[in-house]
Number of protein chains: 2
Amino acid sequence: MLVDTGSCDAFGTACSHRRPRNSCVDCKVRPISVCSVLALDELAVLETLGQHLSLDKRQVLYGQEEPAEAVFNVIDGSLRLTRLLSDGRRQVMGFALPGDFLGLAREDRFSVSAEALTPVTVCRFERRAFGALVDDKPHLLRSLHERAGHELTLAQDQMLLLGRRTAEERVASFLVGLRERYARMGRASVTLELPMGRQDMADYLGLTIETVSRMLTRLDRERTVLIVPGGVRLLDPARLEALAAS
Amino acid sequence: MLVDTGSCDAFGTACSHRRPRNSCVDCKVRPISVCSVLALDELAVLETLGQHLSLDKRQVLYGQEEPAEAVFNVIDGSLRLTRLLSDGRRQVMGFALPGDFLGLAREDRFSVSAEALTPVTVCRFERRAFGALVDDKPHLLRSLHERAGHELTLAQDQMLLLGRRTAEERVASFLVGLRERYARMGRASVTLELPMGRQDMADYLGLTIETVSRMLTRLDRERTVLIVPGGVRLLDPARLEALAAS
DNA sequence: CGCGCACTTGACTTGTGTCAAACTAGGTGG
DNA sequence: CCACCTAGTTTGACACAAGTCAAGTGCGCG
């Protein structure tokens with residue numbers, strides 16, 4: 001892990017180099033992150049607590065069962081949140097994208113491990129310091145709690161998917177859900193970047209890599225999607241939503 | 001739904017009849033509920049906001065997608081939290097037991113429906129009034145948030161179970177988990193009451209009723225458990241934990 | 001006593017997993 | 001610039017865990 005000294009970000013966006021330290025006020029993800037509930041003077045305080053951190057692809061931000069000494073706000077890139085069973089079976093609990101907050105659980109140990117799928121930039125806060133700020137700002141706590149509630153709803157969606165949906169429905173549902181997430185981030189498009197590999201999708205959907213591959217091929221053959229390098233283009237989003245059967 | 005006028009509770013515990021209204025101070029589940037973080041004077045306020053409510057077996061406390069006009073604390077009995085797919089497929093998201101709080105999500109609509117599996121007593125709070133109290137008492141909000149974090153961890157356990165475990169592991173894991181929950185409620189025992197039917201277990205574990213039945217029979221035949229009317233006795237808890245493979 | 005409901009059991013089917021081989025694209029070095 | 005290597009992905013043939021369908025069993029209740 002390296003402290004970001006102001007280098008250009010991973011997706012190639014132009015970067016000013018004017019500021020030696022990160023500034024919350026013009027943070028790219030502020031409007032979609034927990035920080036959006038903070039006033040300007042509160043942001044100034046936050047700015048003194050947080051530090052940018054850059055990860056290379058495949059670097060681990062934190063590991064399952066590790067003491068949770070920090071919480072993070074994702075600025076750029078995407079991460080995989082994984083839980084491992086002792087015999088090697090893996091379940092991907094989710095993918096973190098810009099604007100997501102990591103460490104919601106507020107427990108003393110992480111319940112999943114987080115690894116970078118692409119080069120990643122996060123804003124890191126010492127748990128103690130962040131906790132003190134939260135205790136001082138009830139509206140921040142409320143915002144975190146609302147996020148936790150939303151996460152819980154998403155977790156329920158996923159339980160329904162894992163417990164009761166067919167392989168085709170899972171894959172369709174995954175693509176539709178990803179599209180909605182990108183849309184909420186302001187990246188609405190019919191072409192979806194898939195920063196995760198097939199194995200990650202499989203471990204997220206409770207399937208094998210082969211089944212995911214077969215379902216994508218099927219969707220491709222019937223012209224519902226078009227598989228492109230590094231992602232997927234949705235040719236018939238309506239049909240995909242019908243298949244997702246939510 | 002009937003307002004509890006002070007009748008004896010469903011599990012046959014003696015009931016004083018001294019009090020026309022419920023008293024938080026000597027509430028049976030206070031030590032294990034969110035209310036445990038409130039001081040005596042705060043409890044007095046809470047007492048004016050809450051009302052006991054009794055449900056018969058099979059009665060619906062609230063339905064999925066219904067506007068969430070109230071939140072609840074379970075006092076007695078057990079409920080099933082269900083999510084339904086349009087074509088009838090069902091996923092049981094969990095079972096609520098005494099001490100559990102319903103309505104954590106703090107969203108405007110319920111994401112699941114809640115039905116009584118046994119006669120149930122809950123403490124009902126108007127959402128607006130309860131929300132106002134929460135806004136006034138940050139430590140209550142923190143307690144709710146901690147609960148939400150815990151729920152999230154449990155949801156992740158369940159996702160791992162649904163995505164990656166075999167039928168036998170699921171059933172074993174369910175029994176072990178239920179035992180731990182009862183233990184935390186002060187009902188530690190090797191004999192577990194199962195207030196839910198086989199179909200509910202199946203819908204919780206992402207299996208069919210037949211598979212659940214077969215796995216229980218298998219556990220019974222190999223003397224790991226003993227199936228008794230209305231529940232299960234754990235004959236070899238260690239073996240069950242090994243099968244659960246957590 | 002007998003009806004109804006929940007549960008169990010058996011025979012068979014099937015969706016998804018497993019194993020193994022072939023393909024593809026991106027990167028590296030001769 | 002092309003040949004090779006590697007890692008990820010796709011495809012095919014086959015196996016099996018769990019689902020489906022259809023009887024049975026047993027128990028509680030009127």
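Numbered from 1 within each chain, the chains take letters A, B, ... in sequence-line order.
- Atom P of nucleotide dA22(C) and atom CD1 of I209(A) are separated by 18 Å, given to the nearest angstrom.
- Residue contacts for G206(A): at a heavy-atom cut-off of 4.0 Å it reaches the sugar-phosphate backbone alone, with no base atom in range.
- Put simply, the side chain of E210(A) and the base of dC19(C) share a donor and an acceptor less than 3.5 Å apart.
- Using a cut-off of 4.0 Å between Lys/Arg side-chain N and Asp/Glu carboxylate O, R80(B) and E115(B) are scored as salt-bridged.
- The CZ atom of R218(B) sits 9 Å away from the P atom of dA17(D) (whole-angstrom rounding).
- Counting any heavy atom pair closer than 4.0 Å across all strands shown, R221(B) reaches no nucleic acid atom.
- Both T211(A) and R164(A) sit near DNA chain D, but only T211(A) has its closest nucleotide nearer the 5' end.
- Rounded to a whole Å, the CZ atom of R165(A) is 19 Å from the C1' atom of dG19(D).
- Taking the side chain of A167(A) as heavy atoms from C-beta on, and the options dT8(C), dT16(C), dT11(D), the nearest nucleotide is dT16(C).
- Look at CD on E169(B): it is 12 Å from C1' on dA17(D), rounded to the nearest Å.
- Of the possible donor and acceptor atoms, one in the side chain of T153(A) sits under 3.5 Å from a partner among the backbone N and O of G149(A).
- Separating the NZ atom of K57(B) from the P atom of dA6(C) is a distance of 9 Å, rounded to the nearest angstrom.
- Side-chain atoms of R165(B) come within 3.5 Å of backbone N or O of A244(B) as a donor-acceptor pair.
- Nearest to the side chain of L207(B), among dA18(D), dT16(C), dT8(C), sits dA18(D).
- A straight line from CD1 of I227(B) to C1' of dT9(C) spans 13 Å, rounded to a whole angstrom.
- The CD-P distance, from Q199(A) to dT18(C), rounds to 11 Å in whole Å.
- Panel note: side chain Q158(A), backbone Y204(A); a donor-acceptor pair is recorded below 3.5 Å.
- Note on T217(A): only backbone sugar-phosphate atoms sit closer than 4.0 angstrom, heavy atoms only; bases stay farther off.
- The interatomic distance linking L205(B) (CG) with dA17(D) (C1') rounds to 16 Å, in whole Å.
- Of the candidate nucleotides dT8(C), dG17(C), dT10(D), dG17(C) has the atom nearest to the side chain of T208(A).
- Under 3.5 Å, the side chain of R214(A) and the base of dG12(D) form at least one donor-acceptor pair of N or O atoms.
- At distances below 3.5 Å, not a single donor-acceptor pair connects side-chain atoms of R198(A) with backbone N or O atoms of T211(A).
- No contact: L216(B) has no heavy atom under 4.0 Å from any strand.
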